[in-house]
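Since the structure comes first, as structure tokens, the remarks are kept for the end.
Sequence positions, counted from 1, serve as the residue numbers for this chain. Keep in mind it's a predicted model, so treat the numbers as computed, not measured.
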Amino acid sequence: MTSEEVYDQLLATPGPVDCDAFDRHVVAAILSLAVAEGAAVGQGPLEGLGLSAEELEALLARLFPTAGAQAALWCDASCPVVDKEEQSVRDILCMYCSDGDALERLLGSMIARRCRFPHHLWQDLGLRNRGELSQLMKRHFAPLAQKNRNDMKWKKFLYRMVCGAEGFTLCTAPVCAECDDFHVCFGAEDGESRLAWARNGRLPSANDTGTVLPEAAE
């Protein structure tokens, strides 16, 4: 099953009356990529989500309660390992979430895990464009979004926050405007979404993201 098919199937299921459509879109997008990635190596989606089986069950019950037997299979896997770097990103997101509810904690875990992938963060979350990532951050991580007042690329910004919390810095430039690598942290983040890649039946290339290096991606 392709990521596009998983996404369409999830959103075709009825959601709870009080469930927000944008939140369902975001989670369906992330989950659809993780399902397709896991299937490609004979695994479930937990590794790509950074969630335990219990956490995924809770997430599905909240947003996709009628997802059915297929969803139960997704939860039948061992809990992924979270290393120190990923845990640090989780901690930053948890510290600066808007309401501190269960959904935001789960979103924080998934965002931290998707930061490990090599494309722009909005692409590795399965979103349509960077604007949707900004909307997500403003909604569920508002204090953090307010700190990113200069609109730094989100992956760069998150790791910069981690470094600041742990007492060291990513770079030696006194201010961003004087840095030779300004374009790495700021600037355009165009390209197609990863769901569009799947729909068009092609693999991503360096030209889709501007670069495939994690340190330069969003």
Do you reckon [X] sits in the same ILVMFWY cluster as [Y], going by side-chain contacts under 4.5 Å, direct or chained?
X: Val82; Y: Tyr159; answer: no
X: Phe22; Y: Leu10; answer: yes
X: Ile92; Y: Met152; answer: yes
X: Val89; Y: Leu103; answer: yes
X: Trp154; Y: Met95; answer: yes

Kindly give the heavy-atom pair with the smallest separation between [X] and [Y], and that separation in Å.
X: Pro14; Y: Pro65; result: O-CD, 4.2 Å
X: Leu51; Y: Ser109; result: CD2-CB, 3.7 Å
X: Ala28; Y: Leu11; result: CB-CD2, 4.0 Å
X: Tyr96; Y: Met161; result: CE1-CE, 3.6 Å
X: Ser32; Y: Tyr7; result: CB-N, 3.7 Å
X: Gly50; Y: Glu55; result: O-OE1, 4.4 Å

Quiz item: Strictly by modelled atom types, are His140 and Asp99 linked by a side-chain donor-acceptor pair under 3.5 Å?
Solution: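 Side chains of His140 and Asp99: no pair found under 3.5 Å.
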Quiz prompt | Distance-only side-chain donor-acceptor flag, Gln87 / Asp83, under 3.5 Å | solution = no
Quiz item: Cation over ring, Arg160 on Phe157, under 6.0 Å and within 45°?
Solution: no
Donor-acceptor pair, [X] side chain versus [Y] backbone, under 3.5 Å?
X: Lys155; Y: His119; answer: yes
X: Gln146; Y: Pro143; answer: no
X: Arg105; Y: Cys97; answer: no
X: Gln135; Y: Gly131; answer: no
X: Arg113; Y: Leu49; answer: no

Looking at [Y] and [X], is any side-chain nitrogen of the basic one under 4.0 Å from a carboxylate oxygen of the acidic one?
X: Glu37; Y: Arg116; answer: no
X: Asp23; Y: Arg139; answer: yes
X: Asp18; Y: Arg62; answer: no

Quiz item: Could you give the distance from CD (Glu86) to CD1 (Ile111), rounded to the nearest 0.5 Å?
Solution: 12.0 Å
Quiz item: What do the steps show when you test Val26 against Glu132 for side-chain contact (heavy atoms from CB on, under 4.5 Å), and what is the final call?
Solution: CA-CA 9 Å; Val26 169; Glu132 287 194 337; over 6 Å; no
Quiz item: Checking salt bridge (charged side-chain N to carboxylate O under 4.0 Å, His left out) against Asp151, which of Lys156, Arg130, Lys138 comes through?
Solution: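 Per the salt bridge (charged side-chain N to carboxylate O under 4.0 Å, His left out) rule, the option paired with Asp151 is Arg130, out of Lys156, Arg130, Lys138.
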Practice problem: Please identify each residue that fulfils side-chain hydrogen bond (donor to acceptor under 3.5 Å, both in side chains) with Asp8, with sequence neighbours left out. | Solution: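 Expected list: none.
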